[in-house]
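For reference, the structure is listed below as structure tokens.
Not measured: the values here are computed from a predicted model.
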Amino acid sequence: MSQHVFKRAGFLAATVGIAGLLGTGIASAHVTANVYGSQPTKGGYAAIVFRVPSEEKDPITTTKVAVDFKADYGIGSVRTKPVPGWTAQVTKSKLPTPITKDNGTQITEAVTSVTWTAQPGSELKATDYQEFSVSFGPLPTTVDEVEFPAHQTYSDGKVVDWNQPTPANGEEPEHPTPSVKLAAKAAGDGDGDHAAMVATTGEHTEATAATSDNTARWLGGAGLLVGAIGLGVGAGATIRARKATAKPGGNS
């Protein structure tokens with residue numbers, strides 16, 4: 001293959017790589033709702049991480065982030081993970097009509113928002129982002145996706161609303177609503193999901209670390225075994241070589 005072909009291939013690979021990085025940068029500039037671990041199921045509990053980047057130029061900073069929970073979801077409880085330098089406030093509102101969950105529980109007050117406010121010195125600068133973790137439920141059973149309109153407040157008073165729905169053609173709007181798809185409820189699912197979800201944040205990190213550690217140990221053990229076999233083979237070859245050298249000449 002000619003050097004010209006190699007150069008063209010390298011140029012195309014670099015172009016694709018740069019395009020991918022740019023695409024990632026654009027996507028990551030949105031406020032998003034992310035799931036680490038199992039997908040939440042209808043009627044179960046969810047552990048979600050809201051990722052918030054600060055987009056304004058210095059010296060403007062992000063000072064507050066509010067996430068709306070639709071009242072008709074009937075979310076009865078929310079737990080937040082402490083974020084250093086930020087305070088969290090959960091707001092509940094009385095429902096005009098109680099919502100009865102699958103397990104028979106009646107929800108008369110539902111969570112309608114969670115607001116995180118930065119303490120002085122902890123605001124998000126232009127190059128910063130922060131993750132705000134929550135666990136909550138029970139989830140509704142009548143929708144395939146839950147949406148969380150978000151509102152990002154900057155130090156100059158500007159408020160950016162992340163509340164635009166994605167149209168039928170799938171083209172992403174300028175300020176899309178953070179959302180999470182729900183998996184179908186499996187037989188036997190129930191409140192047992194709560195215990196798994198309460199520890200929302202960090203559990204995915206611990207699980208990943210444990211998996212990586214086990215993999216590393218396995219690979220390390222395999223490496224030692226291969227090394228031992230290699231030493232054995234090498235030693236055997238050396239002994240055979242010495243015997244072969246000694247036979248023709250007799251004792252030296």
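Looking at heavy atoms from C-beta onward, Val146 lies in side-chain contact with Leu182 at the 4.5 angstrom threshold. For the pair Leu139 and Pro40, the minimum side-chain heavy-atom distance is below 4.5 Å. No side-chain heavy atom of Val65 sits less than 4.5 Å from a side-chain heavy atom of Thr115. Side-chain contact between Glu172 and His30 is present, with at least one heavy-atom pair separated by less than 4.5 Å. Between Leu95 and Ile107 there is a side-chain heavy-atom pair separated by less than 4.5 Å. Side-chain atoms of Val111 and Val90, non-hydrogen and from C-beta on, do get closer than 4.5 Å to each other. No side-chain heavy atom of Lys181 sits under 4.5 Å from any side-chain heavy atom of Asp144. At a threshold of 4.5 Å between non-hydrogen side-chain atoms, the residues Glu123 and Tyr154 do not count as touching.
Taking the ring pair (Phe, Tyr, Trp, His ring centres under 6.0 Å) definition, one finds that Tyr73 meets it with nothing, sequence neighbours left out.
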**Request:** Please step through side-chain contact (heavy atoms from CB on, under 4.5 Å) for the pair Thr87 and Gln119, ending with a clear verdict.
**Result:** CA-CA 7 Å; Thr87 58; Gln119 299 172 1; 3.4 Å; yes
**Request:** Would you please test Val78 and Val114 for side-chain contact (heavy atoms from CB on, under 4.5 Å) and show each step?
**Result:** CA-CA 9 Å; Val78 168; Val114 179; 4.0 Å; yes
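Of all non-hydrogen atoms in Gly74 and Ala110, the two that sit nearest each other are CA-CB, 4.1 Å. Lys70 approaches Glu147 most closely through the heavy-atom pair NZ-OE1, 3.1 Å. Contact between Ile99 and Ala71 at its shortest, heavy atoms only, is CD1-O, 3.8 Å. In terms of heavy-atom proximity, Lys101 sits nearest to Pro138 at NZ-O, 3.1 Å. Val49 and Ser133 make their closest contact through CG2-OG, 3.5 Å (heavy atoms, listed as atom of the first residue, atom of the second, distance). Closest approach of Ile60 and Ser155 over heavy atoms only: CA-OG, 3.5 Å.
Taking Ile, Leu, Val, Met, Phe, Trp and Tyr as members and joining any whose side-chain heavy atoms lie under 4.5 Å apart, directly or through other members, Tyr129 forms no hydrophobic cluster with any other residue.
Between the side chain of Asp161 and the backbone N or O of Asn163, no donor-acceptor pair lies under 3.5 Å. Between the side chain of Ser54 and the backbone N or O of Leu124 there is at least one donor-acceptor pair closer than 3.5 Å. Although no hydrogens or angles enter the test, the distance criterion places no donor-acceptor pair under 3.5 Å between the side chain of Glu109 and the main chain of Gly76. Formation of a donor-acceptor pair under 3.5 Å by the Glu171 side chain with backbone atoms of Asn169 is not found in this model. Remark: the backbone N or O of Val52 is not paired with any side-chain donor or acceptor of Gln152 at under 3.5 angstrom. Distance alone, capped at 3.5 Å, places no donor-acceptor pair between the Ser122 side chain and the Trp86 backbone.
From Asp72, atom CG reaches atom OG1 of Thr97 across 11.5 Å, with rounding to the nearest 0.5 Å. Taking NZ of Lys158 as the reference point, atom OG1 of Thr63 lies at 13.0 Å (rounded to 0.5 Å). Taking CD1 from Ile48 and OH from Tyr36, the interatomic distance works out to 11.5 Å, rounded to the nearest 0.5 Å.
Annotation for Glu145: atom CD counts as buried by contact number, over 12 foreign heavy atoms lying within 6.0 Å. Remark: Lys64 NZ is loosely packed, at most 12 non-hydrogen atoms of other residues, nucleotides or ligands lying under 6.0 Å away.
Hydrophobic clustering, with ILVMFWY side chains joined whenever heavy atoms are under 4.5 angstrom apart, groups Val67 together with Val180.
A tilted orientation is assigned to the rings of Phe132 and Trp116, their planes being inclined by 30° to 60°.
A salt bridge links Glu131 to Arg51: at least one charged side-chain nitrogen sits closer than 4.0 Å to a carboxylate oxygen.
Looking at Tyr45, Phe148, Phe50 one by one, the single match for ring pair (Phe, Tyr, Trp, His ring centres under 6.0 Å) with Phe136 turns out to be Phe148.
Ring-centre distance between Trp162 and His151: not below the 6.0 Å cut-off.
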